[in-house]
Number of protein chains: 2
Amino acid sequence: MKSSENRSGCPISSSLDIFGDRWSLLIVRDLMLYKTRTYGDFTKSEEKIATNILANRLQILEDKGIISKLPYPDNKVKGLYKLSPKGIELIPALIEIALWGDKNLSKPDVRSPYLKEVKKNKSKFLKNVMEKLSADDEVNVD
Amino acid sequence: MKSSENRSGCPISSSLDIFGDRWSLLIVRDLMLYKTRTYGDFTKSEEKIATNILANRLQILEDKGIISKLPYPDNKVKGLYKLSPKGIELIPALIEIALWGDKNLSKPDVRSPYLKEVKKNKSKFLKNVMEKLSADDEVNVD
DNA sequence: ATTTTTTACTTGCTTATTGAAAGTAATATT
DNA sequence: AATATTACTTTCAATAAGCAAGTAAAAAAT
């Protein structure tokens, strides 16, 4: 378990107390890009998170109000994770991190076309994504 | 030592491979707020980083080109750390994290007035700070 | 000139966290 | 009824964090 005590009153430090690790923001990323995901979906991501860590991080993010777990329609085993409003508000930070990495790390991302959109018009992309995620109050499974 | 291999080509993931921990961005924060700092200054920060971790993170951040270490004027023991251009470009992400924490974590920051400025006019603050840090090519010690 | 202090680390050790693999229990599918 | 999914949990070795103490060079004080 990750300890949840704050090292200081600094909002950066307190934020890092929650998601300052190598995995938490990747979960948020997946929920941003794919809207909703099941536990199994997360394990299929490129970075191959171990299942114990995934379970731990999902729990912490849920406890902190960043994601919420919904029942999967017509299935009692599956769950559906989505970003809560708090989690949606993390997207600006995530985008800045993505832009920094894209510019400074020279690892071409083959993941998805989202970066191209971001670079073309950041505030438009941000608005679109955040609206889309916020509007999604009923569950859709494709 | 932290391993420096990339888990994937995703720029978010690759960024977190570098600074996805509880300490690295606090070092960047201190350099953003105080412009330059010595090793000892970092140990005096509120969060009380252990010296072995501090030395390790400074080394990693220097290796990755995010900070640079300069000689302290008229002193052969001290060093002076400052943000490199790559590090300065991390400030937008840092600001978004600060804003998120400030809004969602309800821990009042008593650190400094920078958050008030950010909230009043984000892009102005950003421009000011980044310019101030970029302009500082000769070393000033107060 | 010698002692003391400051500064920037390094080392050793204990505890906590990570990561890989396997296991489990409930439901779903065939 | 048998097999397969799904979402975890458990185990355990490896790595990293965190604390305290130690060190070496230079600076400041006496």
Side-chain angles (χ1 to χ4, degrees), chain A residues 1-8 13 16-27 30-31 34 36-63 67-82 139 141, chain B residues 1-8 13 16-27 30-31 34 36-63 67-82 139 141:
Chain A
M1 304 277 165
K2 263 172 81 183
S3 97
S4 53
E5 259 168 58
N6 284 118
R7 287 168 293 173
S8 78
S13 159
L16 295 176
D17 284 337
I18 297 175
F19 54 73
D21 66 6
R22 295 198 348 289
W23 295 109
S24 299
L25 287 182
L26 293 187
I27 291 174
D30 285 347
L31 292 174
Y34 304 111
T36 50
R37 305 212 67 172
T38 63
Y39 186 95
D41 287 338
F42 290 112
T43 67
K44 284 168 204 133
S45 284
E46 214 187 339
E47 292 87 7
K48 306 230 170 300
I49 187 170
T51 56
N52 53 346
I53 294 171
L54 174 59
N56 174 253
R57 294 305 190 279
L58 288 172
Q59 190 61 60
I60 290 171
L61 291 173
E62 200 185 354
D63 291 347
I67 65 175
S68 50
K69 187 183 180 179
L70 306 171
Y72 195 98
D74 307 325
N75 189 311
K76 283 173 188 165
V77 182
K78 285 183 171 181
L80 214 39
Y81 292 95
K82 59 174 290 197
V139 173
V141 188
Chain B
M1 308 273 165
K2 264 172 79 184
S3 98
S4 54
E5 261 167 56
N6 284 118
R7 289 168 291 174
S8 78
S13 160
L16 295 176
D17 285 337
I18 297 175
F19 55 73
D21 66 6
R22 290 190 4 281
W23 295 109
S24 300
L25 287 182
L26 294 187
I27 291 173
D30 286 346
L31 292 174
Y34 305 109
T36 50
R37 305 214 70 173
T38 63
Y39 188 93
D41 288 337
F42 289 114
T43 67
K44 285 168 203 132
S45 283
E46 213 186 340
E47 293 86 8
K48 307 232 170 298
I49 187 170
T51 56
N52 53 347
I53 294 171
L54 174 59
N56 173 252
R57 292 307 188 279
L58 288 172
Q59 191 60 61
I60 290 172
L61 290 172
E62 200 186 354
D63 291 347
I67 66 176
S68 50
K69 188 184 180 178
L70 307 170
Y72 194 99
D74 307 325
N75 190 312
K76 283 175 187 162
V77 182
K78 285 181 170 181
L80 215 38
Y81 293 95
K82 60 174 291 196
V139 173
V141 187

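Between the NZ atom of A/Lys78 and the C1' atom of C/dT27 there is a distance of 12 Å, rounded to whole Å. Summarising the geometry, the separation between CG on B/Asp21 and C1' on C/dT17 is reported as 13 Å, rounded to the nearest angstrom. Taking atom OH of residue A/Tyr72 and atom C1' of nucleotide C/dA28, one finds them 13 Å apart after rounding to whole Å. For the pair A/Ile49 CD1 and C/dT18 P, the computed distance is 10 Å after rounding to whole Å.
Here the CG atom belonging to B/Leu25 is positioned 11.0 Å from the CZ atom belonging to B/Arg57, to the nearest 0.5 angstrom.
Considering only heavy atoms from C-beta on, B/Leu26 comes within 4.5 Å of A/Leu16 through its side chain. Residues A/Leu58 and A/Phe42 have side chains in contact (heavy-atom distance under 4.5 Å, counting atoms from C-beta outward). Looking at heavy atoms from C-beta onward, B/Asp21 lies out of side-chain contact with A/Arg22 at the 4.5 angstrom threshold. Put simply, the side chain of B/Arg7 reaches to within 4.5 Å of the side chain of A/Trp23, judged on heavy atoms.
Side chain of B/Tyr39 to backbone of B/Tyr81: no donor-acceptor contact under 3.5 angstrom is found.
A/Ser68 is linked by a side-chain contact (heavy atoms from CB on, under 4.5 Å) to A/Lys82, counting only residues two or more places apart in sequence or in another chain. Under the side-chain hydrogen bond (donor to acceptor under 3.5 Å, both in side chains) criterion, B/Asn52 pairs with no residue at all, not counting sequence neighbours. For B/Asp41, the side-chain contact (heavy atoms from CB on, under 4.5 Å) criterion is met by B/Arg37, B/Thr38, B/Lys44, not counting sequence neighbours. Residues passing the side-chain contact (heavy atoms from CB on, under 4.5 Å) test with A/Asp63, sequence neighbours excluded: A/Gln59. In this structure, B/Glu62 has no side-chain hydrogen bond (donor to acceptor under 3.5 Å, both in side chains) partners at least two apart in sequence or on a different chain.
At the heavy-atom level, A/Thr38 lies under 4.0 Å from the strands shown only through sugar-phosphate atoms. The residue A/Phe42 sits apart from the nucleic acid: no heavy atom pair falls under 4.0 Å.
Put simply, A/Arg57 has no side-chain N or O that comes within less than 4.0 Å of OP1 or OP2 on C/dT17. Within the 4.0 Å cut-off from OP1 or OP2 of C/dC9, at least one side-chain nitrogen or oxygen of B/Lys69 is found. Checking the phosphate oxygens (OP1, OP2) of C/dA8, no side-chain nitrogen or oxygen of B/Tyr81 falls inside 4.0 Å. One finds no side-chain N or O of B/Tyr39 lying less than 4.0 angstrom from the OP1 or OP2 phosphate oxygen of C/dT10.
Axis angle, first five pairs versus last five pairs of the helix from C/dA1-D/dT30 to C/dT30-D/dA1: 10°, rounded to 10°.
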Protein N or O to nucleotides 24-30 of chain D N or O, pairs below 3.5 Å:
| unit_1 | atom_1 | unit_2 | atom_2 | d |
| --- | --- | --- | --- | --- |
| D/dA27 | OP1 | B/Lys76 | N | 2.9 |

Could you pull out the protein-nucleic contacts involving nucleotides 18-22 of chain D (nitrogen or oxygen on both sides, under 3.5 Å)?
| unit_1 | atom_1 | unit_2 | atom_2 | d |
| --- | --- | --- | --- | --- |
| D/dG18 | OP1 | B/Arg22 | NH1 | 3.3 |
| D/dG18 | OP1 | B/Arg22 | NH2 | 3.0 |
| D/dG18 | OP2 | B/Trp23 | NE1 | 2.7 |
| D/dG18 | N7 | B/Asn52 | ND2 | 3.1 |
| D/dC19 | N4 | B/Asn52 | ND2 | 2.8 |

